[in-house]
Structures are given as structure tokens and as C-alpha cells.
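Okay, structure first, notes after.
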Amino acid sequence: MTVDRVPPLPSRRFGTLIRPLDRVGRSIDRAGDQANFFLAALFSLGKAARAYRRETMRLLAEISMGTGLLAVIGGTVVIVSFLTLFAGATVAVQGYDSLGDIGVSSLTGFLSAYVNIRVVSPVTAGVGLAATIGAGTTAQLGAMRISEEIDALEVMAIRSMPFLVSTRILAGLIAIVPLYALAVTTSFLSSRVATVHILGQSAGVYDHYFYTFLIPSDVLWSFVQAIAMAAVVMLIHSYYGYYAAGGPSGVGIATGRAVRSSLIAVVTVTLLISLALYGGARQLHLAG
């Protein structure tokens, strides 16, 4: 006795095809919404600088030194400094050991000048920004969204985009310059201390190779990279906080998604800028 197999219903067959397409469509819509938000926030920077200077300065102080318990330890300044401090020391220790295996440990100064300014300091500062400034921005805007404070501003004819979003982006772009200068200085200082005072290399040898291979244009482009990362981080975190929903738990979910997206964006910006600036350089002359 044979039993004929019943073919699947057309609705089920079409459903298996529609669901992936629906997910792709939602992703495209979300990307479009994010692009519209980013453009609106950037175009509102001028109004934020003209009309909300006091709010921008308040946010600048809050971003730099933090609020509440974060202000006790010095806010973003101390956090970014500690991150780059240990990152720079790690570069020195690993570089001294690895170069020593091939008999050229004297080039540790070159490695510090070359690697710190191009990769380590920008990525470490970007991670610190995402974990401190970015997460705080998402939490603040999300709390304002679920408590209907943003809607209240719109009712009072105050445009929430320049007042809440653009002022935070502007403050982040202003704060990143001294913050990153401190981060670079800390990474250089920790690499020198670790190499000279802990590992015992001659200070003259370290300084010779460090200053020989510290290219001023690399330092300038490193600051440009840090500013680009700060803009991307602030835009991403502002978007997730501005459109947070679902109560307090929704704010936590939005913060987690924003941190995850901004960390990916930090690494992506580093990759793209490195490819644009150094991707065509196929030779490195260790002379000078």
C-alpha cells in the first residue's frame, strides 16, 4: 500500500520565501532611517552652535569629567588615559620581547612610534569613547524618550534634534581633540617608561629610533581618524537613544545595541582610513 505525499500548501511555500525578503526589507528601511537621522543631526550642528551654546558647554563639561559616580574618578579623561596607558605599555613589552627574538630589540622605539599612533591609540580611544560618552548619551536620550520629555520639547516648539542630538555631537567633537592628545601622550609615555625603566633599554637608543620614525603627518592623520570615530560614535549612540522604546528595559537594550554597533564602527573606520593612507605603502625603510 502506497501513500501519496501531500504537497505543501502554496501559502506555506510562499511564506518561506517572503520571510527572508521581509527581513531584508526591514534592514533596508532601518538603514534609510539611520541615514536620514544622521543627515538631520549633521545639518543641525550650525543651529546648535548658534542657539544652544550654553547647553553645548554644559554637555562638554559633562562629557569630559562625567557626572555622578563617574565624576569621582575623573570621567572620560581618566578612563581614556588609563586605557591608552596600559595599551602603550603592552606594545612596549610585546615589541621588546618579539624584536629581541630576532636580535633587534633596539627598534622598540620605532615600534612605539609606528604602531601607537596608527592603530593602538585610535582604537583604544574609540573603545573608551563608546563605553563612556556613547553609552551615557544613549541612556540619557533613551530616558528622555520613554519619559516623554522629547515630545514635551516638540510641543513647546523647541526642535529636539538640534537641542538634544546636535549639541551632544558638537560637544563630543570638541572634547575629542584634547582627550585624544592626552591619550597619545599617555601611550607614548607608558611605552618609554616600560622600555627604558622596566625592561632596561638605553634611553638614548629608544629616543633615537622613536623620534626618527615618528612622522608628523601620521600624528595629524591620527587626530583626523579620532575625530571621525567620535562623530560616528556620537551619531550611532544618539540614534539608538533618540528612538528607544519599551520602558527602562528598552533603554538598556538600546544602549547595548549602540555599544555593539559603535565598536564595530570604530574598527571599520580604522580599517578604512588605514587602507586609504597606508594601503599603498609596500616598503618600510628602517634607516635614518
Side-chain angles (χ1 to χ4, degrees), residues 22-23 25-71 75-76 129-176 227-266 269:
D22 185 55
R23 286 195 294 268
R26 288 198 299 268
S27 300
I28 295 175
D29 290 340
R30 190 181 305 113
D33 292 338
Q34 290 180 352
N36 289 332
F37 178 86
F38 295 160
L39 291 175
L42 293 176
F43 284 134
S44 300
L45 288 176
K47 181 174 177 59
R50 293 190 308 270
Y52 306 119
R53 288 191 295 269
R54 181 175 298 179
E55 178 68 10
T56 302
M57 296 304 296
R58 184 189 70 82
L59 291 170
L60 179 61
E62 181 179 310
I63 286 173
S64 302
M65 300 307 299
T67 57
L69 293 177
L70 186 62
T76 309
L129 290 175
T132 55
I133 299 174
T137 298
T138 305
Q140 288 178 350
L141 292 178
M144 297 179 71
R145 170 61 71 182
I146 65 172
S147 62
E148 299 182 353
E149 294 182 33
I150 297 179
D151 297 331
L153 287 175
E154 297 288 350
V155 170
M156 293 186 294
I158 299 176
R159 293 175 56 196
S160 59
M161 183 64 70
F163 183 72
L164 296 178
V165 176
S166 298
T167 52
R168 282 171 167 79
I169 296 174
L170 186 60
L173 294 177
I174 296 173
I176 188 59
I227 294 172
M229 287 192 304
V232 171
V233 167
M234 294 303 295
L235 285 170
I236 291 175
H237 282 271
S238 298
Y239 169 80
Y240 279 97
Y242 192 81
Y243 290 110
S249 62
V251 176
I253 293 173
T255 303
R257 290 175 177 173
V259 171
R260 183 171 63 247
S261 300
S262 61
L263 291 179
I264 295 173
V266 164
V269 169

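All values reported here derive from a predicted model rather than from experimental measurement.
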Exercise for the section: Decide yes or no for I158 and Y52: does some side-chain heavy atom of the first lie under 4.5 Å from some side-chain heavy atom of the second? Expected result: yes
Exercise for the section: Starting from the C-alpha separation in whole Å, work towards a yes-or-no answer on side-chain contact (heavy atoms from CB on, under 4.5 Å) for Y239 and S261. Expected result: CA-CA 11 Å; Y239 169 80; S261 300; over 6 Å; no
Completion exercise
So CE of M229 and OG of S262: to nearest 0.5 Å the spacing works out to 11.0 Å
Completion exercise
Closest non-hydrogen atoms of A41 and S166, given as atom of the first, atom of the second and distance, are O-OG, 2.9 Å
Problem - Reported CD1-to-CD1 distance for the pair I227 and I174, which is rounded to 0.5 angstrom - result: 11.0 Å
Exercise for the section: Hey, could you give me the OG1/CZ distance between T255 and R260, rounded to the nearest 0.5 Å? Expected result: 11.5 Å
Completion exercise
The reported gap from CG in L59 to CD in Q140 (rounded to nearest 0.5 angstrom) is 7.5 Å
Practice task
Check side-chain contact (heavy atoms from CB on, under 4.5 Å) between R159 and all other residues, then give those that pass, not counting sequence neighbours.
Solution key: S44, K47, P162
Handout entry: Taking every non-hydrogen atom, the tightest pair across G134 and V233
Key = CA-CG1, 4.3 Å
Handout entry: Closest approach of A244 to A254 (non-hydrogen atoms, all atoms of both residues)
Key = CB-CB, 4.1 Å
Exercise for the section: Begin with the C-alpha distance, continue with both residues' side-chain angles, and end with the deciding distance and a verdict on side-chain contact (heavy atoms from CB on, under 4.5 Å) for V232 and V266. Expected result: CA-CA 8 Å; V232 171; V266 164; over 6 Å; no
Exercise for the section: Locate the shortest heavy-atom distance separating A130 from V259; write the atom from each residue and the value. Expected result: O-CG2, 4.1 Å
Handout entry: From I133, T137, L60, residue fulfilling side chain to side chain contact (heavy atoms under 4.5 Å, CB included) relative to R168
Key = T137
Handout entry: Main-chain N/O of H237 paired with T138 side-chain donor or acceptor, under 3.5 Å
Key = yes
Handout entry: Where S238 and V165 come nearest, the two heavy atoms and their spacing
Key = CB-CG1, 3.8 Å
Problem - side-chain contact (heavy atoms from CB on, under 4.5 Å) partners of I253, counting only residues at least two apart - result: R257
Handout entry: R58 CZ: over 12 foreign heavy atoms closer than 6.0 Å
Key = yes
Exercise for the section: Looking only at non-hydrogen atoms, find the nearest pair between F38 and I236 and report the distance. Expected result: CE2-N, 4.2 Å
Handout entry: Gap between atom CG of L235 and atom CG of L42 - 0.5 Å precision
Key = 5.0 Å
Fill in the blank from the handout: Residues passing the side-chain contact (heavy atoms from CB on, under 4.5 Å) test with I150, sequence neighbours excluded, are M144, R145, S160, L164, Y242
